[in-house]
There are 2 protein chains.
Amino acid sequence: MTTTESVRARTNPSIETAHSVVETGLDSDALVTIFGECTVDYEGRAESTLGPGDRHVMCKPDGTVLVHTDEGHQPVNWQPPGCTHEVSVDDALVLRSERSTPEEELLVRFRDVEHVAAFDVTDPEELSLSGTEEDLRERVLDDPELIEPGFTPLSTERETPAGAVDIYGEDANGRSVVVELKRRRVGPDAVGQLARYVEALERDLHDEAEVRGILVAPSVTDRARTLLAERGLEFVSLEP
Amino acid sequence: MTTTESVRARTNPSIETAHSVVETGLDSDALVTIFGECTVDYEGRAESTLGPGDRHVMCKPDGTVLVHTDEGHQPVNWQPPGCTHEVSVDDALVLRSERSTPEEELLVRFRDVEHVAAFDVTDPEELSLSGTEEDLRERVLDDPELIEPGFTPLSTERETPAGAVDIYGEDANGRSVVVELKRRRVGPDAVGQLARYVEALERDLHDEAEVRGILVAPSVTDRARTLLAERGLEFVSLEP
DNA sequence: CTCTGTATATCGTGC
DNA sequence: GCACGATGTACAGAG
C-alpha cells in the first residue's frame, strides 16, 4: 500500500502510526476516520463531556467533525464545516477542532485506536430531491385551482414587514390572498406564521377589505385548526 | 485476523468479500462502514436520487444508516433508527434499508468497494451536556430575581390549552406571569409562542387583570422586538 | 401512535 | 456577517 492509493487504512495501529495516517490524510484533504476508545469534550454554544467508550470519528476535508456512537442518527458530538483540525500525540492520540464566531472547541482523546483510515473522495454528483415545499409551490403555480376556483397567483416570495410570503395572489372577487405552504402536517407555529403575514400585509396595503390567509398542507393538528378558526384563517388540504 | 477481533476490515475487497464482512457485521450487531463508489436512491417522505460518486456509508446496530459525502455536517442520505438492513450482491454490492410508518426505503449500490469494516462497539457512557434551556430554567428557579425583583415562580410546565408554559408565576403585585425561556437569540416565532400562552392563560384564568408575558433570552431580533411591543409583551436579557 | 417543543439543531438565501 | 424559514429535520416527553 502506498500513499498514491485512494485508501490508506490500518487496523490496531500504534498511536504513532495512527497519528501519521490522520495527519497525512488531513493534509491531503482526505476523509479521515478513527475508531477506538476515546473521551470527548466540547465547549462553545454549550458544554459537554463524554467518558471513555468506543466511538467512530469522521473528519471531512471541509472541516467537519462527526463523533458517532452505536446509536442514533445524530452524532453524539460534532463540529460544523469550516473548523480547523489539529492532531497530536501525548499519552493518547488527540484530535482538536476549533472555530470562531462562535468560539467553539472539540477535543477527542483516543487511549486506543482500533482502526484508522484516510479516503480520497471524488464525488461529482449533486443530490436530486423532490417532494419539497418548493415542488409544492410549483405545483400550485402550475394549477392555482388547487387552492380554489378563481385563485390567481400574483407573486412568490412577496416581501412584507413580517417576512416573505410563499404565494401572494387574488381570489375570484379580487380580494388579496396570502398562501402559506407546508409539505407536512402543521401545528400552531405555522398558523402564527400565516397570521403574521396577513397582519403585515393588511397594514402594508391599507386595504379596506380584509386580506385572506390560506394555509396549504396535507393536514393540521386540532390545536392548529382551532387557532385558524380564531384568527379567521383558512385551510386547504394538499399533499406534497 | 479472526471474527473474535473487535475490528474486521478489508481494503479494496472483492464484492463478495465486502458482502461477507457487511453481512457478518450486521448479524453480530457491529457498526459497519463501507466506502466506495455508489449510487443512492431514496423513497419515502420525499424522493431522491444521487448519481455515482465516492461516499462513506455507516450502518449502526440500531438500524440507522448514514451516507456521507466529503462535505457537510448532514448526511446526504440516511435512514433513521429502527430500520431493517439487507445486503446482497448482483453486479454490485447492494444495501437496502426499509421501515414503515412512514414507509421509507433507501437503496445504496456499490459498483466498487474501496474499504469495508465492522466494529464491535462498547460504549457505557452517557453524554453530559450543560448550557441547555433546562439549565437556564433551573437557574431562574434558583434565583427568580433574575427575571425581576419580587417575581415568584409557582410552577413549571404548567399546562394551558395552548401547551405547557416554561415558568408560570406571580409578580410583586400578584399579577400572573408567563415566562418563556430561550437559550439563544430569538426571532418572531418565540414571540408567537409566548403570545399563545398568554392568551390561553388569560382565558383559562378568567382573570380581570391581564397576564404578563416575559420572554427571557440572550437577545431578540428587531422584528421580534417590534412584535413584543405590539402585543404588550416584555423581554428580559439572560445568557444561558 | 400523535402532539408539542427543543436543538451545540444544520442549511440555504437574501440583505 | 445576521435574519429568517425549510428540513425526508431528529429527539424527548407527555398523553
Side-chain angles (χ1 to χ4, degrees), chain A residues 42-48 64-67 71-83 99-106 127 129-137 157 159-160 162-166 180-190 192-193 196-197 219-224 240, chain B residues 42-48 64 66 71-82 99-106 127 129-137 157 159-160 162-166 180-190 193 196-197 219-224 240:
Chain A
Y42 157 75
E43 194 170 330
R45 286 167 290 177
E47 290 180 26
S48 75
T64 303
V65 184
L66 304 169
V67 183
E71 287 184 333
H73 164 103
Q74 187 107 33
V76 64
N77 278 112
W78 71 92
Q79 204 69 309
C83 295
R99 72 155 170 165
S100 36
T101 49
E103 199 75 37
E104 292 193 295
E105 188 189 61
L106 184 72
L127 182 74
L129 180 68
S130 63
T132 62
E133 187 184 298
E134 186 170 340
D135 293 315
L136 182 57
R137 183 176 65 199
E157 305 293 323
E159 283 298 332
T160 74
V165 167
D166 280 345
E180 174 62 30
L181 302 168
K182 296 290 173 192
R183 67 173 304 282
R184 54 177 198 168
R185 185 171 173 84
V186 297
D189 51 339
Q193 203 181 334
R196 288 203 306 277
Y197 294 154
S219 58
V220 292
T221 65
D222 282 351
R223 176 126 33 240
Chain B
Y42 157 75
E43 194 169 331
R45 285 168 290 175
E47 289 182 26
S48 74
T64 302
L66 304 170
E71 286 184 335
H73 164 104
Q74 187 110 31
V76 64
N77 277 114
W78 70 93
Q79 207 64 310
R99 73 157 171 165
S100 36
T101 52
E103 200 75 38
E104 292 191 294
E105 188 188 61
L106 184 73
L127 182 75
L129 179 68
S130 63
T132 63
E133 185 184 299
E134 185 170 342
D135 293 315
L136 183 58
R137 183 174 66 202
E157 305 293 321
E159 283 299 332
T160 74
V165 166
D166 280 345
E180 175 63 29
L181 302 169
K182 295 293 173 190
R183 67 175 302 282
R184 53 175 202 167
R185 185 172 173 85
V186 296
D189 53 337
Q193 203 181 334
R196 288 203 306 276
Y197 294 154
S219 57
V220 292
T221 65
D222 283 351
R223 193 163 291 164

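Because only heavy atoms are used, hydrogens play no part in the values below, and waters and symmetry mates are left out as well, while side chains stay in. A, B, ... follow the sequence lines: proteins, then strands. Residue 1 opens every chain.
Contact annotation for Pro81(B): backbone-only contact, meaning every heavy-atom pair under 4.0 Å involves sugar-phosphate atoms and none involves a base. Within 4.0 Å of Pro102(A), counting heavy atoms only, lies no atom of the nucleic acid at all. As judged by a 4.0 angstrom heavy-atom cut-off over every strand, Gly131(A) is placed among residues making no nucleic acid contact. At a threshold of 4.0 angstrom between heavy atoms, the contacts of Ser48(B) with the nucleic acid are absent.
In this structure, Asp135(B) atom CG and dT6(C) atom P are separated by 14 Å, rounded to whole Å. If you measure from atom CD of Glu71(B) to atom C1' of dT10(C), you get 14 Å, rounded to the nearest angstrom. Glu134(B) has its CD atom 13 Å from the C1' atom of dA7(C), to the nearest Å. For the pair Trp78(B) CH2 and dT10(C) P, the computed distance is 15 Å after rounding to whole Å. In this structure, the CZ atom of Arg183(B) is 12 Å from the P atom of dT6(C), given to the nearest Å. In this structure, CD of Gln74(B) is placed 12 Å from C1' of dG12(C), rounded to the nearest angstrom. Rounding to whole angstrom units, CD of residue Glu157(A) and P of dT13(C) are separated by 11 Å. Between Leu127(A) atom CG and dC11(C) atom C1' there is a gap of 13 Å when expressed in whole angstrom units.
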Evaluate side-chain contact (heavy atoms from CB on, under 4.5 Å) for Asp189(B) paired with Asp189(A), printing each intermediate quantity in order. CA-CA 7 Å; Asp189(B) 53 337; Asp189(A) 51 339; over 6 Å; no

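For the C1' atoms, the distance from dT10(C) to dT6(C) is 14 Å, rounded to whole Å. For dC4(D) and dG8(D), the P atoms lie 23 Å apart once the distance is rounded to whole Å. For dG5(D) and dT8(C), the P atoms lie 22 Å apart once the distance is rounded to whole Å.
Side-chain atoms of Asp166(B) come within 3.5 Å of backbone atoms of Leu181(B) as a donor-acceptor pair (strictly under, hydrogens ignored). Side chain of Arg183(A) to backbone of Arg45(B): a donor-acceptor contact under 3.5 angstrom is found. Proximity of a side-chain donor or acceptor of Ser100(A) to a complementary backbone N or O of Pro102(A) within less than 3.5 Å is not detected.
A side chain to side chain donor-acceptor pair (under 3.5 Å) with Ser219(A) is found for exactly one of Lys182(A), Arg184(A), Arg185(A), namely Arg185(A).
Extent of DNA chain D lying under 4.0 Å from chain B heavy atoms, first and last nucleotide in 5' to 3' order, is dA3(D) to dC11(D).
Taking 4.5 Å as the limit, some side-chain heavy atom of Pro188(A) sits within range of a side-chain heavy atom of Arg196(B). At a threshold of 4.5 Å between non-hydrogen side-chain atoms, the residues Pro80(B) and Arg99(B) count as touching.
No hydrogens or angles considered: a donor-acceptor pair under 3.5 Å links the side chains of Glu104(A) and Tyr42(A).
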Please write out the pairs of protein N or O atoms and N or O atoms of nucleotides 2-5 of chain C separated by less than 3.5 Å, giving the distance to one decimal.
residue, atom, partner, partner atom, Å
dC3(C), OP1, Arg185(A), NE, 3.3
dC3(C), OP1, Arg185(A), NH2, 2.1
dC3(C), OP2, Arg185(A), NE, 2.5
dC3(C), OP2, Arg185(A), NH2, 3.4
dT4(C), OP1, Arg223(A), NE, 3.1
dT4(C), OP2, Thr221(A), OG1, 2.9
dG5(C), OP1, Ala162(B), O, 3.4
dG5(C), OP1, Tyr197(B), OH, 2.8

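Within a 6.0 Å radius of CD in Glu43(A), no more than 12 heavy atoms belonging to other residues, nucleotides or ligands are found.
Between Ser100(A) and Glu47(B), the residue anchored closer to the 5' end of DNA chain D is Ser100(A), taking for each the nucleotide with the nearest heavy atom.
Closest non-hydrogen pair, Ser130(B) versus Asp135(B), comes out as CA-OD2, 3.2 Å.
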